[in-house]
Amino acid sequence: MKKLIAGNWKMNGSRSGNADLLQAIVAGLPVGVCDVVVCPPALYVADVIQAVQGSAILVGSQDVSAAEKGAFTGELSAAMLHEHGVRFAIVGHSERRQFHGESDAMVGAKAQAALAKGVTPIVCVGETLEQREAGQTQAVVKRQLAAAIHAVGHCVSEIVVAYEPVWAIGTGQTATPEQAQEVHAVLRAQLRAATETADAVRIVYGGSMNAANAASLLAQPDIDGGLIGGASLKAADFLSIIQAAS
Ligand code: 13P
């Protein structure tokens with residue numbers, strides 16, 4: 001299956017910096033490229049959509065509301081995102097779970113709200129260091145994915161799953177290809193129990209993925225792409241990862 005490389009810019013960037021970054025990425029995109037998504041802060045989405053027009057790059061959001069509309073100050077609905085050309089939405093990133101108290105049920109509701117409006121949710125799961133050391137990794141990621149599977153029902157084959165071990169995010173401490181593959185295989189088995197088309201669901205890895213380690217991670221049988229933070233802010237690094245996936 002075609003791999004997916006998504007850049008999560010988090011709360012970084014500026015209008016001029018984004019323009020430079022995107023110009024360099026678009027200029028350097030390989031032929032026969034894998035699927036490429038960039039997820040800027042919401043305020044820049046319209047600029048970014050314009051900057052990538054005519055290229056193979058798609059645009060994603062870093063979050064989406066679980067609600068359709070109404071009194072939800074500060075939120076953006078899936079319909080609004082879709083209207084602006086946003087085709088993916090990260091849901092349940094560990095930073096949202098940690099700093100915004102997002103529960104498994106809320107993350108599932110967000111995934112469902114996105115799908116209902118034609119936006120593909122990238123559902124993030126992952127254990128903390130404490131949970132890994134306590135031997136709870138599989139139980140944690142299975143619980144998180146189960147909530148999303150439950151919420152999206154028969155649309156499960158339309159989601160993207162991102163395994164992002166919390167201890168690997170922004171730390172430079174990447175999961176080894178074997179550690180990541182082990183968890184991806186667990187997630188794949190869980191998807192197989194939910195849908196006949198589980199093998200078409202992309203399970204991407206995130207957490208200090210960079211130009212140097214991308215190829216070995218992407219070579220694993222159940223690693224179908226990457227969700228890249230820091231390295232997606234440097235055109236050369238992001239392009240190297242895209243190259244490794246293409
Ligand atoms: P880093 O690549 O900076 O570790 O971030 C990963 C991430 O959280 C992507 O969503």
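As the structure lists them, so they are numbered: ligands from 1, and atoms in each ligand from 1. None of these values were measured; they are calculated from a predicted model.
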[atom]: the protein heavy-atom neighbour that sits closest, reported with distance to 0.1 Å:
atom: atom 7 (C) of ligand 1; result: E164 OE2, 3.1 Å
atom: atom 5 (O) of ligand 1; result: K10 NZ, 3.3 Å
atom: atom 2 (O) of ligand 1; result: G229 N, 2.9 Å

Are any of the N/O atoms in [X] less than 3.5 Å from those in ligand 1?
X: L227; value: no
X: G230; value: yes
X: E95; value: no
X: T171; value: no

Note: [X]-[Y] ion pair, threshold 4.0 Å (strictly below):
X: K3; Y: D35; answer: no
X: R96; Y: E102; answer: yes
X: D224; Y: K2; answer: no

| query | Should F88 and L29 be counted in the same cluster of Ile, Leu, Val, Met, Phe, Trp and Tyr side chains packed under 4.5 Å apart? | reply | no
| Heavy-atom contact under 4.0 Å between G170 and ligand 1? |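 Contact check G170 vs ligand 1: positive.
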| query | V91 and I122: side-chain contact (heavy atoms from CB on, under 4.5 Å), yes or no, with the steps? | reply | CA-CA 6 Å; V91 298; I122 301 175; over 6 Å; no
| S65: partners by side-chain hydrogen bond (donor to acceptor under 3.5 Å, both in side chains), with sequence neighbours left out | E75
I need the atoms of ligand 1 closer than 4.0 Å to a non-hydrogen atom of [X], numbered in the order shown.
X: S208; result: 1 (P), 2 (O), 4 (O)
X: A168; result: 4 (O)
X: G207; result: 4 (O), 6 (C)

| message | Is it the case that the side chain of S240 and the backbone of A211 share a donor-acceptor pair, with hydrogens and angles ignored and the cut-off at 3.5 Å? | response | no
| said: Heavy-atom distances under 4.0 Å decide this one: backbone, side chain, both or neither, for S232 against ligand 1? | reply: neither
| task | Select one of side chain, backbone, both or neither to describe which atoms of N8 lie under 4.0 Å from any atom of ligand 1, heavy atoms only. | result |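 Under 4.0 Å from ligand 1, N8 contributes side-chain atoms alone.
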| message | If the condition is ring-ring contact (aromatic ring centres under 6.0 Å, His included), which residues does H184 pass it with, not counting sequence neighbours? | response |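 With sequence neighbours excluded, H184 shows a ring-ring contact (aromatic ring centres under 6.0 Å, His included) to Y163, given in chain and number order.
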| field | Smallest separation among heavy atoms of W9 and S232, with atom names | value |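 Distance-wise, the nearest heavy atoms are CD1-OG, 3.5 Å.
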